[in-house]
Engineer: 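Here it is, the structure, as structure tokens.
Position 1 is the first residue of the sequence; numbering continues from there. All values reported here derive from a predicted model rather than from experimental measurement.
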Amino acid sequence: MRVVTTAQPRQAVELDVQPSPLALLLLGREADPRSERGVECPGDLPSPSDPDLVERARAAKEKLGDKVFVLGHHYQRDEVIQFADVTGDSFKLARDAAARPEAEYIVFCGVHFMAESADILTSDDQKVVLPDLAAGCSMADMATAEQVAECWDVLTDAGVADAVVPVSYMNSSADIKAFTGKHGGTICTSSNAKRALDWAFEQGEKVLFLPDQHLGRNTAVRDMGMSLDDCVLYNPHKPNGGLTAEQLRDAKMILWRGHCSVHGRFSLESVEDVRARIPGVRVLVHPECKHEVVAAADEVGSTEYIIKALEAAEAGSKWAIGTELNLVRRLANAHPDKEVVFLDKTVCFCSTMNRIDLPHLVWTLESLAEGTLVNRIEVDRETESFAKLALERMLALP
């Protein structure tokens with residue numbers, strides 16, 4: 001890339017500027033198959049203004065019949081959810097896919113790491129497809145295999161690696177799940193994080209929690225009675241993670257500096273504001289929220305917990321929900337007898353989840369119906385082996 005800049009009036013100076021690989025990746029000029037950022041889909045998508053999109057999706061799905069099984073994550077758009085055979089959180093959907101061996105194609109309407117998990121758990125004969133390869137996860141992107149390997153070297157140099165058990169959140173890449181399995185650790189979801197940590201502390205003295213600092217901190221402090229001082233934050237962008245060997249030796253929880261871009265936006269001010277605006281409101285948030293938000297909430301729980309809590313709530317009750325907006329809006333529509341509002345005044349969807357729209361789904365289903373396999377997500381054998389080991393340890397938790 002060549003850039004022309006003006007150093008003096010009417011005097012042009014030509015500079016050779018070579019953009020970094022990361023800059024090219026962010027600009028969409030290059031692709032990294034190991035990145036959650038993904039790449040653009042090949043081929044031409046239908047126009048989003050096409051009035052026949054719904055009928056085209058229905059026709060392609062009917063043509064495929066039992067050969068296709070469509071999974072829809074709770075945070076997906078309504079226009080996509082209407083075509084899902086099952087809905088749920090990431091791990092539930094991956095297990096649902098594995099329970100449908102007759103389906104040749106698993107179309108995962110979610111994000112990249114979810115499709116990877118489905119590929120790990122399904123048979124070799126099944127093909128997992130992601131309608132838009134650019135549907136990634138900013139949280140999963142915050143921990144790369146290279147960064148985590150360097151972190152383990154830091155722990156080894158500090159003399160604590162032998163006492164550390166890695167626990168990785170489901171919202172992580174297959175590479176990170178494989179690292180976890182290889183080093184004796186387990187995976188967790190937002191609903192079983194405490195059980196996973198209880199197990200980990202039976203195996204070792206410390207936990208390296210990847211990649212969401214908030215779920216790790218909230219589980220350790222809120223659910224397990226630890227103090228904030230028991231937790232340290234490892235920053236992969238600083239030498240030695242920004243921590244001293246003494247800090248690593250003293251810590252029980254070594255939290256990775258990662259977070260969810262949606263849940264991380266909720267603040268204590270959001271909670272205080274909604275309580276002032278809606279007297280009697282109950283604040284219900286996801287454990288990926290910041291610790292001060294979780295501490296100020298009335299209830300805390302996973303996506304499935306949030307859904308069940310609204311189903312069980314009394315008519316006339318008022319709820320402020322701290323999770324992704326598509327789900328909150330769907331819950332509000334499903335419970336007209338209750339007042340359900342989004343916790344933050346500023347409306348925020350998960351931008352990468354929303355990349356899976358109706359045109360991408362139509363293109364995917366029509367391509368499959370024509371016998372063209374597109375956007376397959378396939379985890380290599382070695383990575384799959386160690387990642388599955390970590391997932392199996394989670395499934396074996398009491």
Engineer: Quick one: does F201's side chain get under 4.5 Å of V167's, heavy atoms only?
Structural biologist: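 A side-chain contact under 4.5 Å is absent here.
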Engineer: With rounding to the nearest 0.5 Å, note down the distance linking NZ in K194 to CH2 in W199.
Structural biologist: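 The distance works out to 15.5 Å.
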Engineer: Is the backbone N or O of H73 less than 3.5 Å from a side-chain atom of Q76, with the two atoms forming a donor-acceptor pair by type?
Structural biologist: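 The answer is no, because no donor-acceptor pair under 3.5 Å joins these two groups.
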Engineer: Can you name the one residue among V281, V283, V294 that meets side chain to side chain contact (heavy atoms under 4.5 Å, CB included) with V271?
Structural biologist: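 Between V271 and the candidates, side chain to side chain contact (heavy atoms under 4.5 Å, CB included) is satisfied uniquely by V283.
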Engineer: Closer than 3.5 angstrom, by distance alone: can the side chain of R393 be matched with the main-chain N or O of G181 as a donor-acceptor pair?
Structural biologist: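 Yes; judged by distance alone, with no hydrogens or angles, the pair exists.
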Engineer: Between L268 and V221, is there shared hydrophobic-cluster membership here, with clusters defined by ILVMFWY side-chain heavy atoms closer than 4.5 Å?
Structural biologist: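 No, no single cluster joins them.
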Engineer: Check for a donor-acceptor pair, side chain of S172 on one end and backbone N or O of S168 on the other, with a separation under 3.5 Å.
Structural biologist: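 Flag not set: sc S172 to bb S168 has no pair under 3.5 Å.
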Engineer: Who pairs with E79 by side chain to side chain contact (heavy atoms under 4.5 Å, CB included), at least two apart in sequence or on another chain?
Structural biologist: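 E79: side chain to side chain contact (heavy atoms under 4.5 Å, CB included) contacts with R77, Q82, D357, L358, P359.
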Engineer: Closer than 4.0 angstrom, basic N to acidic O: yes or no for K252 and E205?
Structural biologist: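 No salt bridge links K252 with E205.
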Engineer: When you compare the side chain of M170 with that of D212, does any pair of heavy atoms fall below 4.5 Å?
Structural biologist: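 D212 does not reach M170 side chain to side chain.
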Engineer: Taking side chain to side chain donor-acceptor pair (under 3.5 Å) as the test, write out the residues that go with K63, two or more places apart.
Structural biologist: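 K63: no side chain to side chain donor-acceptor pair (under 3.5 Å) contacts found.
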Engineer: Would you kindly say whether S267 and S270 are connected by a side-chain donor-acceptor distance under 3.5 Å?
Structural biologist: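 On atom types as modelled, these side chains qualify, holding a pair under 3.5 Å.
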Engineer: Would you confirm whether the ring centroid of F266 sits within less than 6.0 angstrom of the ring centroid of F342?
Structural biologist: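 Yes.
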Engineer: Do NZ/NE/NH1/NH2 and the carboxylate oxygens of D223 and R195 come within less than 4.0 Å?
Structural biologist: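 Here D223 does not pair with R195 in a salt bridge, since their nearest N and O are not under 4.0 Å apart.
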Engineer: Are any non-hydrogen side-chain atoms of I321 and L343 less than 4.5 angstrom apart?
Structural biologist: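 With C-beta onward as the side chain, the pair stays apart.
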Engineer: Donor-acceptor pair, H360 side chain versus I356 backbone, under 3.5 Å?
Structural biologist: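 Judged by distance alone, no pair lies under 3.5 Å.
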Engineer: Can you sort out the partners of K338 under salt bridge (Lys or Arg N to Asp or Glu O under 4.0 Å), two or more places apart, ordered by chain and number?
Structural biologist: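 Result, salt bridge (Lys or Arg N to Asp or Glu O under 4.0 Å) vs K338: none returned.
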Engineer: Are any of the side-chain heavy atoms of R265 and D344 separated by less than 4.5 Å?
Structural biologist: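 Yes, at least one pair of side-chain atoms sits under 4.5 Å.
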Engineer: Is any side-chain heavy atom of F83 less than 4.5 Å from a side-chain heavy atom of I81?
Structural biologist: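 No. Closest side-chain heavy atoms not under 4.5 Å.
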Engineer: First locate atom NZ of K177, then atom CE of M394, and finally report the distance between them rounded to the nearest 0.5 Å.
Structural biologist: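 Rounded to the nearest 0.5 Å, the NZ-CE separation comes to 9.0 Å.
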Engineer: Determine whether a donor-acceptor pair (N or O, by modelled atom type, separation under 3.5 Å) exists between the side chain of T219 and the backbone of G216.
Structural biologist: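 Not confirmed, T219 side chain does not pair with G216 backbone.
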Engineer: Between OG1 of T323 and NE2 of H286, what distance do you get to the nearest 0.5 Å?
Structural biologist: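 Atom-to-atom, T323:OG1 and H286:NE2 are 5.5 Å apart.
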Engineer: Between atom CD of E324 and atom CG of N326, what is the distance when rounded to the nearest 0.5 Å?
Structural biologist: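 The CG atom of N326 is 4.5 Å from CD of E324, to the nearest 0.5 Å.
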Engineer: Who passes side chain to side chain contact (heavy atoms under 4.5 Å, CB included) against S47, sequence neighbours left out?
Structural biologist: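 S49.
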Engineer: Tell me whether K182 forms a cation-pi arrangement with F386, defined as NZ or CZ under 6.0 Å from the six-membered ring centre and within 45 degrees of its axis.
Structural biologist: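 Judged by the rule (NZ or CZ under 6.0 Å from the ring centre, within 45° of its axis), K182 counts as positioned above F386.
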Engineer: If you apply the rule salt bridge (Lys or Arg N to Asp or Glu O under 4.0 Å), what do you find for K206 with D162, and how did you get there?
Structural biologist: CA-CA 9 Å; K206 305 172 186 295; D162 289 344; over 6 Å; no
Engineer: Has the side chain of Q247 got a donor or acceptor atom that lies under 3.5 Å from a matching backbone atom of T244?
Structural biologist: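 Indeed, once roles are kept as given, a pair shorter than 3.5 Å links the two residues.
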Engineer: What's the shortest heavy-atom distance between E288 and Y169, and which atoms?
Structural biologist: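 The answer is OE2-OH, 2.5 Å.
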Engineer: What is the distance from atom CG of D175 to atom OG1 of T144, rounded to the nearest 0.5 Å?
Structural biologist: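 The CG atom of D175 sits 9.0 Å away from the OG1 atom of T144.
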Engineer: Using a 3.5 Å distance criterion without hydrogens, assess whether the side chain of N333 forms a donor-acceptor pair with backbone atoms of R330.
Structural biologist: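 No.
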Engineer: Do any N or O atoms from the side chain of N218 and from the backbone of H214 form a donor-acceptor pair under 3.5 angstrom?
Structural biologist: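 Yes: the side chain of N218 pairs with the backbone of H214.
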Engineer: Show the atom names and distances, to 0.1 Å, of all donor-acceptor pairs under 3.5 Å that link a side chain in residues 302-313 to residues at least two apart or in another chain.
Structural biologist:
| residue | atom | partner | partner atom | Å |
| --- | --- | --- | --- | --- |
| S302 | OG | Y305 | N | 3.3 |
| T303 | OG1 | Y75 | OH | 3.2 |
| E304 | OE2 | H74 | NE2 | 3.0 |
| Y305 | OH | E299 | OE1 | 2.7 |

Engineer: With a 3.5 Å cut-off and sequence neighbours excluded, list the donor-acceptor pairs that the side chains of residues 119-131 form with protein atoms.
Structural biologist:
| residue | atom | partner | partner atom | Å |
| --- | --- | --- | --- | --- |
| D119 | OD2 | V379 | N | 2.8 |
| T122 | OG1 | A118 | O | 2.7 |
| T122 | OG1 | D119 | O | 3.4 |
| S123 | OG | D125 | N | 3.4 |
| S123 | OG | Q126 | OE1 | 3.4 |
| D124 | OD2 | R381 | NH1 | 3.3 |
| D124 | OD2 | R381 | NH2 | 3.4 |
| Q126 | OE1 | S123 | N | 3.1 |
| Q126 | NE2 | R100 | O | 2.7 |
| Q126 | NE2 | A103 | O | 3.0 |

Engineer: Which of these, V70, T364, L365, L373, sits in a side chain to side chain contact (heavy atoms under 4.5 Å, CB included) with Y105?
Structural biologist: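 Of the listed options, the one satisfying the test is L373.
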Engineer: I'd like to know if E292 pairs up with K290 as an ion pair, taking the criterion as any Lys NZ or Arg NE/NH1/NH2 lying under 4.0 Å from an Asp or Glu carboxylate oxygen.
Structural biologist: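 No salt bridge links E292 with K290.
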Engineer: Looking at OG of S261 and NE2 of H263, how far apart are the two atoms once the value is rounded to the nearest 0.5 Å?
Structural biologist: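 It comes to 9.5 Å.
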Engineer: For Q213 and Y234, does a side-chain donor sit closer than 3.5 Å to a side-chain acceptor?
Structural biologist: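 Short answer, no.
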Engineer: Would a distance-only check, ignoring hydrogens and angles, find a side-chain to backbone donor-acceptor pair under 3.5 Å from N240 to G242?
Structural biologist: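 No, because the side chain of N240 does not come within donor-acceptor range (under 3.5 Å) of the backbone of G242.
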